[in-house]
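Worth knowing before you read on, the calculation uses all heavy atoms, side chains too, and leaves out hydrogens, waters and symmetry mates. Chain identifiers are assigned alphabetically (A, B, ...) following the order of the sequence lines, protein sequences preceding nucleic acid strands; residue numbering begins at 1 within each chain.
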Amino acid sequence: MSTDEKLTKPYNPKDTEPRIYDLWEKSGYFSPNRLGRENAEPYTIIMPPPNANGSLHAGHAVFVTIEDLIIRYQRMRGKRALWLPGADHAGFETQVVYEKKLEKEGRTRFGMDRDELYKEILTFTLSNKEFMENQLRQLGASCDWSREKFTLDPKVIDIVYDTFEQLYKDGLAYRGSRSINWCTKHQTSLSELETMSVDREDPLYYMKFGPFTLATVRPETKFGDTALAVNPTDERYKEWVGKEIEFEGLIGTIKLRVIADDYVDKTFGTGVVKITPAHDPNDFAVAQRHNLAVVEVIDQFGKLNEKCGKYAGLKVEEARKIVAEDMKKVGMLVKVDEKYKHAVKVCYKCERTLEPRVLPQWFVRMKPLAEAVIPLVEDETIKFYPDHYKKIMLHWLRNIEDWNVSRQIVWGIPIPVWYRDDEIIVSKDSPVGEDWIKETDTFDTWFSSGQWPFATLGYPDEPDYKNFYPTQVMETAGEIIFFWVARMIMFGKYRTGKLPFKDVYLHGIVTARDGKKMSKSKGNVISPIELSDKYGTDALRMGLIIGNTPGTTTALYEEKIRAYKLFANKLWNVSRYVSDNTEETIAKPRLTEEDEALIKELNGVIHSTTKNLDNYRFYIAAEELYHYVWHNFADIIIEQSKSKLKSEDKVIIESKNYTLRYILMTCLRLLHPFMPFITEEIWQTINYNPSILMVEEWPKA
RNA sequence: GCACCUUUAGCUCAGUUGGUUAGAGCGCGCCGUUCACAUCGGCGAGGUCUGAGGUUCGAACCCUCAAAGGUGCACCA
């Protein structure tokens, strides 16, 4: 078939892209083992594993585009390029998604058999995983499918267990009864990162407790009070410290000891605080210092329990009003500030107020882990793009607190712990002997994700770990810098002694056109897959790169993608022109001065594209290539060539013939990482003996 | 409360270490094209680079202050 017939018009991405992807996948070049570069420098990117619980969204499309761009560039630079794909079981997130599905079906997870529920979610996740993998293919991801990992792979779980055991042995993982964030809807505890603070206006009640008046927004927790506290320097209450007061409450006589603690602010309210250790984290801390009893009066569903007498069974919000009214009746209520502004912690998923509860949970002591990496962030052994994330990271690392890794959900990796009376064994294997009870809690998803780089590469013995760890760059969303990036850095250093990557590139959130975050409820969600279907993946990719600077939000909208579809069309037609009007030559002819100048100009483009890609300035590189191809190559060089190719002078014709082809081939190479499908298709068509562009050499200036 | 980000053409955004008339895409106006172009080309209008000071021979870019929008962290009942 002649090139004229194959480069027909117009370019049709929908027919081309799957065919080209298939060509790549079958070539085996996604795997570094097949590149025939045993001695070449490795270049590794570990893919942030998408949650296997739904369709890919715009944020996924950004990371696929940028990471694929980087890995294609490095592959063309001759590196042993590995982009390792994965999928995340996404514990809590998936459980929430699945619960919604159950709700729609009129079912609920509560009361379901644990194993049954686990199996259902597993089936759901595995089918989503396959769906998601095909979407990654559609977006052109040149990742090594033979190395794909799932967060629930037995090998991955083994490594996670080893880490937990080691943390336990080192005294960094411990079981403790501490005040934790409890979501009454999702019936699990959450880490600090999974909470959000929201500003609220609530009534502040001033209550009379014996000789004192004190302020609280939560009168309903009074049944769990175990002390009153004042500031040790507060002259007003000095005589009371250490004494016990007794007075009539709503459900009987109350006896409370008065203690002194610096935590109390003399200037707030009346300077007296009731201490409710079970239902307030600050009060819990006070209780620990003073050895106070912890009395739970609110249950896991956010209802007052049997210790609250006639108020038992009431929900917290109802109880608050009723208790306040009753106190008013008996004269305990002194006054109410109706609009007291304060912040409340809510569940980041359902936005319900979190109930602090004291429960035995597993915690990881993060301070030592953080201290080991702080100097390496400070001296930029690990470098952030954009660099202001360095400050954000350091601030967080310096103020890090213990991490609650226990979740009361079935969908996750079970915490490998066994209990018998007072004995605790941390082990992935069942202990010998009778009567051991297995822990039912699962790990916070991020506990396992935090080990992803070395877990996927098979730490400590597998060849991949030796060949590809540490990796070069972690490219992910800025919003998960604490959830994920910080933990990978700390766990990577802790387990392997090395930082898991050299550079961290953080892209911003993709928003709708109006700059608002996309959300189903706002109805402004744009599907990257639909855009790819409509305009082609190459156009989508260009639209996601150009104008996308790291760390800032990027708006995605249809017109933008359409514009790059036109660019793809332009490139296609440029190629048709060159194909129709020039011939492939073997030897380089003598070039005219004009053509020498054009090649020199092209060299400038090669130089700056290379430099920009080396410095993660994809947006500039893409824009420059766009501009060069369209407004230089097409508008000027090709237009001027039309008369030159009709010249009588053979030297001029041969020179132009060579130059046009040379420029086109170079542009295809330069554009390949950005627009892999169309460039490969043209490459395949225009060369008599086509190689695969994906593994062609990057041009040199 | 503390920190960080953003503020450049009607819209969405670039502008790499401060250096000549500040750029792109979309949109808009006029003209021309089907001879690579399910189109494209040419020309054009449109910006006191949020504001006020300062540093400098020179500032969209560096410093100080302020304003608006956004995000994160913390929070005392």
N-O pairing of [X] and [Y] below 4.0 Å:
X	Y	value
R218(A)	E317(A)	no
E378(A)	R398(A)	yes
R200(A)	D202(A)	no
E220(A)	R320(A)	yes
D503(A)	K383(A)	no

Of the options rA36(B), rA14(B), rG41(B), whose atoms approach the side-chain atoms of I638(A) most closely?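 Comparing rA36(B), rA14(B), rG41(B) against the side chain of I638(A), the answer is rA36(B).
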Could you say whether K345(A) or K642(A) is positioned toward the 5' end of RNA chain B, judged by the nucleotide with the nearest heavy atom to each?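 This one resolves to K642(A).
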Tell me which of R562(A) and A555(A) sits closer to the 5' end of RNA chain B, going by the nucleotide each one is nearest to.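 On the 5' side of the pair lies A555(A).
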Atom pair distance, as rounded to whole Å: [atom1] in [X] and [atom2] in [N]:
X	N	atom1	atom2	value
H388(A)	rA3(B)	NE2	C1'	11 Å
Y535(A)	rA38(B)	OH	P	16 Å
K560(A)	rC13(B)	NZ	C1'	7 Å
Y11(A)	rC40(B)	OH	C1'	20 Å
Y557(A)	rC26(B)	OH	P	10 Å

Taking atom [atom1] in both [N] and [M], compute the distance separating them and give it to the nearest angstrom.
N	M	atom1	value
rC5(B)	rG15(B)	P	15 Å
rG18(B)	rG32(B)	C1'	42 Å
rG51(B)	rA74(B)	P	36 Å
rU56(B)	rU16(B)	P	23 Å
rG72(B)	rC30(B)	P	47 Å
rG23(B)	rG46(B)	P	14 Å
rA60(B)	rA9(B)	P	14 Å
rA66(B)	rA45(B)	P	40 Å

For [X], report the nucleic acid contact type (base, sugar-phosphate, nothing); a contact means any heavy atom under 4.0 Å.
X	answer
A229(A)	nothing
F482(A)	sugar-phosphate
V578(A)	nothing
N569(A)	sugar-phosphate
Y626(A)	sugar-phosphate

Does [N] have OP1 or OP2 sitting under 4.0 Å from an N or O in the side chain of [X]?
X	N	answer
T549(A)	rA14(B)	yes
K570(A)	rG41(B)	yes
H631(A)	rG25(B)	yes
N399(A)	rA74(B)	no
Y619(A)	rG15(B)	yes

In the structure shown, which nucleotide is the Watson-Crick or G-U wobble counterpart of [N], with both distances under 3.5 Å?
N	value
rC40(B)	rG32(B)
rG69(B)	rC5(B)
rG19(B)	rC57(B)
rU64(B)	rA52(B)

Measure distances between side-chain N and O atoms of E639(A) and base N and O atoms of rA36(B), and say whether any donor-acceptor pair falls under 3.5 Å.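 Answer yes: a donor N or O sits under 3.5 Å from an acceptor.
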So which atom in E296(A) and which in I298(A) form the shortest heavy-atom distance, rounded to 0.1 Å?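 For E296(A) and I298(A), the tightest heavy-atom pair comes out as CG-O, 3.4 Å.
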Strictly distance-based, threshold 3.5 Å: is any side-chain N or O of N612(A) a donor or acceptor partner for the main-chain N or O of S608(A)?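 A pair under 3.5 Å: yes.
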